[in-house]
Amino acid sequence: MTRPPRRPQRPAGGPRPPRRKPLDPARRAAFDVLQAVSQRDAYANLALPALLSERGITGRDAAFATELTYGTCRVRGLLDAIIGAAAQRSPDAINPVLLDLLRLGSYQLLRTRVDAHAAVSTTVEQAAIEFDSARAGFVNGVLRTISTRDEASWTAELAPDAATDPIGHAAFTRAHPRWIAQAFADALGPAAGELDAVLAGDDERPQVHLAARPGVLTAAELAAAVDGTAGRYSPYAVYLSGGDPGRLPPVRGGQALVQDEGSQLVARACALAPVDGDTGRWLDLCAGPGGKTALLAALAAETGARVTAVEQAPQRAALVAENTRGLDVQVLTADGRDTGLQPGFDRVLVDVPCTGLGALRRRPEARWRRQPADIPVLAKLQRELLSAAITLTRPGGVVLYATCSPHLAETVGVVADALRRNPVTALDTRPLFAPADQLGDGPHVQLWPHRHGTDAMFAAALQVG
Ligand SMILES: C[S@@+](CC[C@H](N)C(=O)[O-])C[C@H]1O[C@@H](n2cnc3c(N)ncnc32)[C@H](O)[C@@H]1O
C-alpha cells in the first residue's frame with residue numbers, strides 16, 4: 001500500500017534539501033488507510049487490520065493508528081468544513097492526498113490529546129516529503145489556523161443555527177451528513193428529541209455480541225466459557241467485554257456465532273411468528289453471509305423444520321453454507337426475485353439489502369459514502385424482494401421483512417406498498433421481540449442502538465391471507 005514519495009529528484013549539483021522525517025508507523029498506517037478509503041473505496045475496518053498485521057504494528061502503536069483512522073473517517077465531513085474555513089477554499093479544490101493529510105492532522109488537533117506541535121509538525125514534514133515545501137507551507141498554515149481554536153469554537157461558528165435548523169445543527173456537531181440526521185429524525189417521529197443520542201451512538205464502538213447455538217449450548221454456558229454476560233433480550237445472547245471473538249473456542253468450534261443481538265431477535269421472531277399447521281418449510285430469501293440463517297436453522301431443527309437459504313452473490317452463498325455447517329439447510333445461489341422455488345413456505349425471512357444506516361457505528365466511513373440517491377434504487381429492490389417473499393408463502397404463513405436501516409423509505413414505505421398490493425395483514429410484531437420494550441407504536445418494530453444496544457434493525461411480520 002505504501003507509495004513512493006512524489007518529491008521530484010534534486011537536479012545534479014542543486015542545493016541539498018532539508019532532511020525530512022517521515023511519519024511514524026502509526027500515523028503512516030492511518031494515512032495509508034485514509035487514502036485507500038478516499039481513493040479506492042476501501043472499508044477502513046477491513047483495510048486497517050490487514051495493514052497493521054502486514055507491517056507488524058501492535059500494542060500502543062496499533063491502538064493509536066486505530067483511533068486516528070476510525071476517528072478521522074467518522075468525522076470526515078466535519079473536518080472538511082473546518083479545513084475549508086481555515087484554508088479559505090473548498091476542500092474539493094485541495095489535492096486529495098493533501099486533504100487526507102490535513103484530515104489526519106486536524107483530527108489530532110481537535111479530537112485527541114496529541115501535543116499540537118507534534119500534530120502539526122509530523123503532518124507538515126509528510127507534506128514536504130509527498131509534495132514540496134510550498135505545499136508543506138500551506139499545510140502548516142491551515143493546521144496552525146485550526147489549532148488556534150477547539151472543536152466547540154469551530155462548530156459554534158460553522159454549524160447551522162440550532163434555533164432555525166435543529167437537525168442541520170445536530171448533524172453538523174455530531175459529524176453526520178444532514179440527510180442521514182433527517183432520516184433518523186423522521187424515523188424517531190415523536191421521539192425526535194433522541195436524535196442527538198442516536199447520532200452520538202454512531203461514534204461509539206459497539207459491544208461484541210455472541211449467539212449461543214440453540215440445542216448446542218445455553219447462553220449461561222457460553223457466558224461462563226467466554227467470561228461474558230448474558231444478553232438483555234435474546235435468550236441466546238452473550239455480551240463480551242473485549243478481545244478478539246474469532247479466537248474464542250466456542251466461536252471457532254461453531255457452537256456460537258458473532259451476531260448483533262438485534263439480528264438474533266429478528267431470526268427468533270421469524271421462528272416465533274404464529275403460523276397454524278406449520279409444515280416445516282422455512283425460507284431465508286436474502287441469506288448471505290448466513291448469520292440469521294444459522295440461528296433460524298438451529299431453531300428449525302428443534303421442531304423438525306428445514307430451511308432453504310437463497311443468496312444472489314456466489315461468494316456470500318458459500319459463506320451461508322460455511323456458517324450453517326452441520327445444520328439442515330439447503331443453500332441456493334439465485335436472485336430472490338426469481339428463485340424457481342415451489343411456493344408454499346410456512347415462514348419466510350427476507351432480510352433485504354439496504355443502506356445500512358442502522359449500523360453506521362460498525363463502518364467508520366459509511367456515513368459519508370452513502371448517498372440519498374441510493375435510497376430509491378434500494379427501495380425498489382426491497383419492494384420486489386418482499387413481493388417475491390409473499391408469493392412464495394402459503395396462505396396462513398408469515399413473512400418477516402427485516403432491514404438494518406431505520407430510513408422510512410426502506411421500512412414502512414416498503415411494507416405499506418406490500419400491504420396495498422398483496423393479500424397480507426400486518427401482525428403486531430412487537431410481542432415477537434419480547435422482552436425488548438420501547439419498540440415504537442407498532443405494529444412494526446424499530447430497534448435503536450441508544451435504546452437497546454443493538455443495530456437499528458426494523459422488522460415487520462406480515463401474514464399471508
Ligand atoms: C442484509 S444482507 C442479509 C444478511 C443476512 N440475513 C445475515 O443475517 O447474515 C442482504 C443480502 O441480500 C443479498 N442480495 C442482494 N440482492 C439479492 C437478490 N436479488 N436476491 C437474493 N439476495 C440478494 C446480498 O448479497 C446480501 O448478502
Side-chain angles (χ1 to χ4, degrees), residues 43 206 208-211 213-214 234 236-237 245 251 254 256-271 282-300 307-325 327 329-341 345 347-360 362-363 366 370 374-392 399-407 410-411 414 447 454-460:
Y43 296 107
V208 175
H209 298 168
L210 301 182
R213 184 171 275 189
S234 160
Y236 321 109
V251 174
L257 208 69
V258 179
Q259 187 175 47
D260 179 70
E261 191 175 23
S263 290
Q264 298 178 35
L265 292 176
V266 165
R268 174 172 167 262
C270 186
W282 297 12
L283 174 66
D284 184 349
L285 198 58
C286 296
K292 293 184 193 69
T293 324
L295 187 49
L296 193 62
L299 294 172
V307 174
T308 301
V310 175
E311 165 59 47
Q312 186 177 38
Q315 279 174 331
R316 291 174 76 83
L319 289 175
V320 178
E322 196 178 309
N323 283 326
T324 59
R325 204 177 309 129
L327 291 162
V329 175
Q330 180 203 4
V331 181
L332 188 66
T333 306
D335 187 323
R337 296 166 293 181
D338 183 20
T339 56
L341 286 166
F345 286 92
R347 299 170 192 277
V348 178
L349 173 62
V350 54
D351 181 21
V352 291
C354 68
T355 52
L357 296 189
L360 292 180
R362 299 191 186 279
R363 300 221 181 100
R370 277 288 176 202
D374 299 338
I375 300 279
V377 180
L378 282 164
K380 178 171 180 290
L381 176 59
Q382 292 160 353
R383 286 193 296 271
E384 291 168 357
L385 285 163
L386 177 52
S387 170
I390 292 168
T391 306
L392 288 165
V399 174
L400 195 90
Y401 175 82
T403 179
C404 190
S405 166
H407 195 296
E410 300 183 85
T411 59
V414 173
L447 298 171
T454 64
D455 290 343
M457 297 288 310
F458 169 88

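Quick caveat: nothing in here was measured; it's all calculated off a predicted structure. Counting convention: from 1, in listed order, for ligands and their atoms alike.
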**Student:** Taking salt bridge (charged side-chain N to carboxylate O under 4.0 Å, His left out) as the test, write out the residues that go with E384, two or more places apart.
**Tutor:**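 Applying salt bridge (charged side-chain N to carboxylate O under 4.0 Å, His left out) to E384 gives R337, K380.
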**Student:** Give the contacting part of K292 toward ligand 1: side chain, backbone, both or neither, where contact means a heavy-atom distance below 4.0 Å.
**Tutor:**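 Both backbone and side chain.
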**Student:** Which heavy-atom pair separates K292 from M457 by the least distance, and what is that distance?
**Tutor:**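 Where K292 meets M457 most closely, the heavy atoms are CE-CE, 4.0 Å.
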**Student:** Identify the protein heavy atom lying closest to atom 10 (C) of ligand 1, giving its residue, its atom name and the separation to 0.1 Å.
**Tutor:**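 Nearest neighbour among protein heavy atoms for atom 10 (C) of ligand 1, to 0.1 Å: D351 O, 3.5 Å.
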**Student:** In ligand 1, which numbered atoms sit nearer than 4.0 Å to a non-hydrogen atom of G290?
**Tutor:**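 Heavy-atom distances to G290 below 4.0 Å select 9 (O).
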**Student:** Looking at V399, T403, L381, which hits side-chain contact (heavy atoms from CB on, under 4.5 Å) with L386?
**Tutor:**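 That would be V399.
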**Student:** Over all heavy atoms of both residues, which pair between L327 and A294 is shortest? Give the atoms and the distance, please.
**Tutor:**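 Residues L327 and A294, closest heavy atoms: CD1-O, 3.6 Å.
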**Student:** Please confirm whether L285 comes under 4.0 Å of ligand 1, counting heavy atoms of the residue only.
**Tutor:**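 Checking ligand 1 against L285, which is what was asked, there is a heavy-atom contact under 4.0 Å.
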**Student:** Going by heavy-atom distance to atom 22 (N) of ligand 1, choose the closest among Q264, Q259, Q312.
**Tutor:**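 Heavy atom nearest to atom 22 (N) of ligand 1 belongs to Q312.
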**Student:** Kindly give the heavy-atom pair with the smallest separation between L378 and C354, and that separation in Å.
**Tutor:**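 So the two residues come closest at CD1-C, 3.7 Å.
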**Student:** Give the residue and atom name of whichever protein heavy atom lies nearest to atom 19 (N) of ligand 1, and the separation in Å to one decimal.
**Tutor:**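 Ranked first by proximity to atom 19 (N) of ligand 1 is D335 OD1, 3.0 Å.
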**Student:** Quick one: look up the protein heavy atom nearest atom 27 (O) of ligand 1 and list residue, atom name and how far away it is.
**Tutor:**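 I find the closest protein heavy atom is R316 NE, 2.6 Å.
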**Student:** Looking only at protein heavy atoms, identify the closest one to atom 20 (N) of ligand 1 and say how far it is in Å.
**Tutor:**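 Going by distance alone, atom 20 (N) of ligand 1 is nearest to G336 N, 2.7 Å.
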**Student:** For T403, is the nearest heavy atom under 4.0 Å from an atom of ligand 1?
**Tutor:**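 Per 4.0 Å heavy-atom rule, T403 does not contact ligand 1.
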**Student:** What protein heavy atom is closest to atom 2 (S) of ligand 1, reported as residue, atom name and distance in Å?
**Tutor:**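 Checked against all protein heavy atoms, atom 2 (S) of ligand 1 sits closest to G288 O, 3.7 Å.
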**Student:** Does ligand 1 come near enough to V310 that some N or O of the ligand is less than 3.5 Å from an N or O of the residue?
**Tutor:**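 The answer is no, given that V310 and ligand 1 share no N or O pair closer than 3.5 Å.
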**Student:** Counting heavy atoms only, which part of T293 comes closer than 4.0 Å to ligand 1: side chain, backbone, both or neither?
**Tutor:**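 Contact part for T293 vs ligand 1: neither.
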**Student:** Using a strict cut-off of 4.0 Å, indicate which atoms of ligand 1 neighbour a heavy atom of A287.
**Tutor:**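 Going through ligand 1 atom by atom, the ones under 4.0 Å from A287 are 5 (C), 6 (N), 7 (C), 9 (O).
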**Student:** Among protein heavy atoms, which lies nearest atom 12 (O) of ligand 1, and at what distance?
**Tutor:**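 Result: C286 CB, 3.4 Å.
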**Student:** Between D284 and T293, does any side-chain donor sit less than 3.5 Å from a side-chain acceptor?
**Tutor:**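 Yes, T293 and D284 have a side-chain donor paired with an acceptor closer than 3.5 Å.
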**Student:** What is the minimum heavy-atom distance between Q264 and Y236, and which atoms define it?
**Tutor:**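 So the two residues come closest at OE1-C, 3.6 Å.
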**Student:** I need the minimum non-hydrogen distance between A237 and E261, along with the two atoms involved.
**Tutor:**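 So the two residues come closest at CB-OE2, 3.6 Å.
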**Student:** Tell me the protein heavy atom at minimum distance from atom 13 (C) of ligand 1, and give that distance in Å.
**Tutor:**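 The closest one turns out to be E311 OE1, 3.3 Å.
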**Student:** Excluding sequence neighbours, so at least two apart, what forms side-chain contact (heavy atoms from CB on, under 4.5 Å) with T333?
**Tutor:**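 T333: side-chain contact (heavy atoms from CB on, under 4.5 Å) contacts with P314, A317.
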**Student:** What part of D284 sits under 4.0 Å from ligand 1 if we count only heavy atoms: the side chain, the backbone, both or neither?
**Tutor:**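 The answer is neither; D284 stays 4.0 Å or more away.
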**Student:** Could you tell me whether the side chain of T324 and the main chain of V320 form a donor-acceptor pair under 3.5 Å?
**Tutor:**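 Indeed, once roles are kept as given, a pair shorter than 3.5 Å links the two residues.
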**Student:** Among all the protein's non-hydrogen atoms, which is closest to atom 15 (C) of ligand 1, and how far away is it?
**Tutor:**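 Checked against all protein heavy atoms, atom 15 (C) of ligand 1 sits closest to P353 CG, 3.4 Å.
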**Student:** Any atoms of ligand 1 less than 4.0 Å from a non-hydrogen atom of G291? List them with their elements.
**Tutor:**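 Selected atoms, number and element: 7 (C), 8 (O), 9 (O).
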**Student:** Minimum heavy-atom separation for R316 to G288, with atom names?
**Tutor:**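 Minimum heavy-atom separation between R316 and G288: NH2-O, 3.2 Å.
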